[in-house]
Amino acid sequence: MPAISLKKPYRVGRSRTGLGLFATKPIKKGAKIVRYFGPLLDSRKKKDDAIENKYLFELNGRWTIDGSVRENVARYINHSCRPNAESDVMPRKRKVVIRAIKDIEPGEEINYDYGTDYFKAYLKPIGCKCGACEKKRRKQRAEARAERLRLKARAEKKALRQAAKEAAKAGKPKPELNGKANGVRLNGKHFNGHNGKSTAGKMLAAKSGISLKPGEKPVQESRVSA
């Protein structure tokens, strides 16, 4: 059973999901951080196969590590969908070591991906609370708020345009349809500006030099060719 050394580059601390493991010193990419420790369970034995908890780490179809023991400091490492560490599984040695896959700075929480089976069984029903998923949800909420504000502003702008249009219609005089158009009466009394009477006779009289009395028709002059 491994002892917890004060020289180890990590400490147990408070995390957003409870307890977590945090770096106390810089940890280089590829470095071994901690071993995932616990008694081995044989799935061929009924008493071992009946054990159920959240800290079971399956090595292969037969062997599983029960990491629920307090001495297993690695059990405090939380899941992350974008981790800075990974589990290095060695089935033949029946051993699991957590290694850094990125440079980890002091104070940064150490995390690794628990795998699809664990995620579906324990995390998906309650929603993953890792930093990556929280950041994604915050971004989605911010985008949703921005979209709501955009739609609200669009609706208000449309309402203002509609109100201005209605106001313009209310202030514009309506066209009259009672026989008047553009100030000219269309009731038959006006026709080409001559009150409906023909001026052909007056024009003929003016050309011939013959004056006519009112009501008298002009006599057409006949011409006989010699």
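Numbering starts at 1 and runs along the sequence shown. Heavy atoms only: backbone and side chains are in, while hydrogens, waters and symmetry mates are out.
Counting heavy atoms of neighbouring residues, nucleotides and ligands inside a 6.0 Å radius, atom CZ of Arg161 exceeds 12 of them. Within 6.0 Å of the CZ atom in Arg141, the count of heavy atoms belonging to other residues, nucleotides or ligands exceeds 12.
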Side chain to side chain contact (heavy atoms under 4.5 Å, CB included) between Lys165 and Lys169: does it pass, once the steps are laid out?
CA-CA 6 Å; Lys165 187 176 180 180; Lys169 284 184 178 181; 4.2 Å; yes
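Look at Lys29 and Asp103 and you find no salt bridge, because none of the NZ, NE, NH1 or NH2 atoms lies under 4.0 Å from a carboxylate O.
Partners of Asp42 according to the side-chain contact (heavy atoms from CB on, under 4.5 Å) rule, which considers only residues two or more places apart in sequence or in another chain, are Arg44, Lys45, Asp48, Arg62, Trp63.
Of the possible polar contacts, one joining the Thr24 side chain to the Tyr10 backbone as a donor-acceptor pair under 3.5 Å is found. When atom types are taken as modelled, the side chain of Asn78 and the backbone of Leu19 share a donor-acceptor pair closer than 3.5 angstrom. Ser43 places a side-chain N or O within donor-acceptor distance of the main-chain N or O of Gly61, the cut-off being under 3.5 Å. Using a distance-only test at 3.5 Å, with no hydrogens or angles considered, a donor-acceptor pair links the side chain of Asn53 to the main chain of Leu56. With Glu166 contributing its side chain and Ala163 its backbone, the two residues share no donor-acceptor pair below 3.5 Å.
Between Arg138 and Glu134 there is a side-chain heavy-atom pair separated by less than 4.5 Å. Within the 4.5 Å cutoff, the side chain of Thr64 has no heavy atoms near those of the Leu59 side chain. Under the 4.5 Å side-chain criterion, counting only non-hydrogen atoms from C-beta, Pro39 is in contact with Val69. For the pair Asn84/Ile110, a side-chain contact is recorded, criterion being any heavy-atom separation below 4.5 Å from C-beta on.
Closest of all the heavy-atom pairs between Glu105 and Ala23 is O-CB, 3.6 Å. Of all non-hydrogen atoms in Arg35 and Val96, the two that sit nearest each other are CG-O, 3.3 Å. Residue Ala85 comes nearest to Ile98 through the heavy atom pair CB-CG2, 3.9 Å, listed as atom of the first residue, atom of the second, then distance. Between Arg82 and Asn111, the shortest heavy-atom contact is O-OD1, 4.2 Å. Between Asp113 and His79, the shortest heavy-atom distance links the atoms OD1-CE1, 3.1 Å. The heavy-atom pair separating Ser68 from Arg75 by the smallest distance is O-NH1, 3.6 Å.
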Mind listing the side-chain donor-acceptor pairs of residues 115-122 below 3.5 Å, one per line with the distance, residues two or more places apart or on another chain?
none

For residues 145-152, dump all side-chain donor-acceptor pairs below 3.5 Å to protein atoms at least two apart in sequence or in another chain.
unit_1 : atom_1 : unit_2 : atom_2 : d
Glu147 : OE1    : Arg150 : NE     : 3.2
Glu147 : OE2    : Arg150 : NH2    : 2.8

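Atom OG of Ser87 is separated from atom CD1 of Ile101 by 10.0 Å, given to the nearest 0.5 angstrom. Here Lys136 contributes atom NZ and Cys130 contributes atom SG; the two are 10.0 Å apart, rounded to the nearest 0.5 Å. Distance OH/Tyr114 to CZ/Phe57: 10.0 Å, rounded to 0.5 Å. In this structure, Phe22 CZ and Arg11 CZ are separated by 6.0 Å, a value rounded to the nearest 0.5 Å.
Leu21 and Leu123 fall within a single hydrophobic cluster, where Ile, Leu, Val, Met, Phe, Trp and Tyr are joined by side-chain heavy atoms under 4.5 Å apart, directly or via other members. Each of Ile65 and Leu41 belongs to its own hydrophobic cluster when Ile, Leu, Val, Met, Phe, Trp and Tyr are linked at side-chain heavy-atom distances under 4.5 angstrom.
Exactly one of Val73, Ile27, Val97 qualifies for a side chain to side chain contact (heavy atoms under 4.5 Å, CB included) with Ile33. That residue is Ile27.
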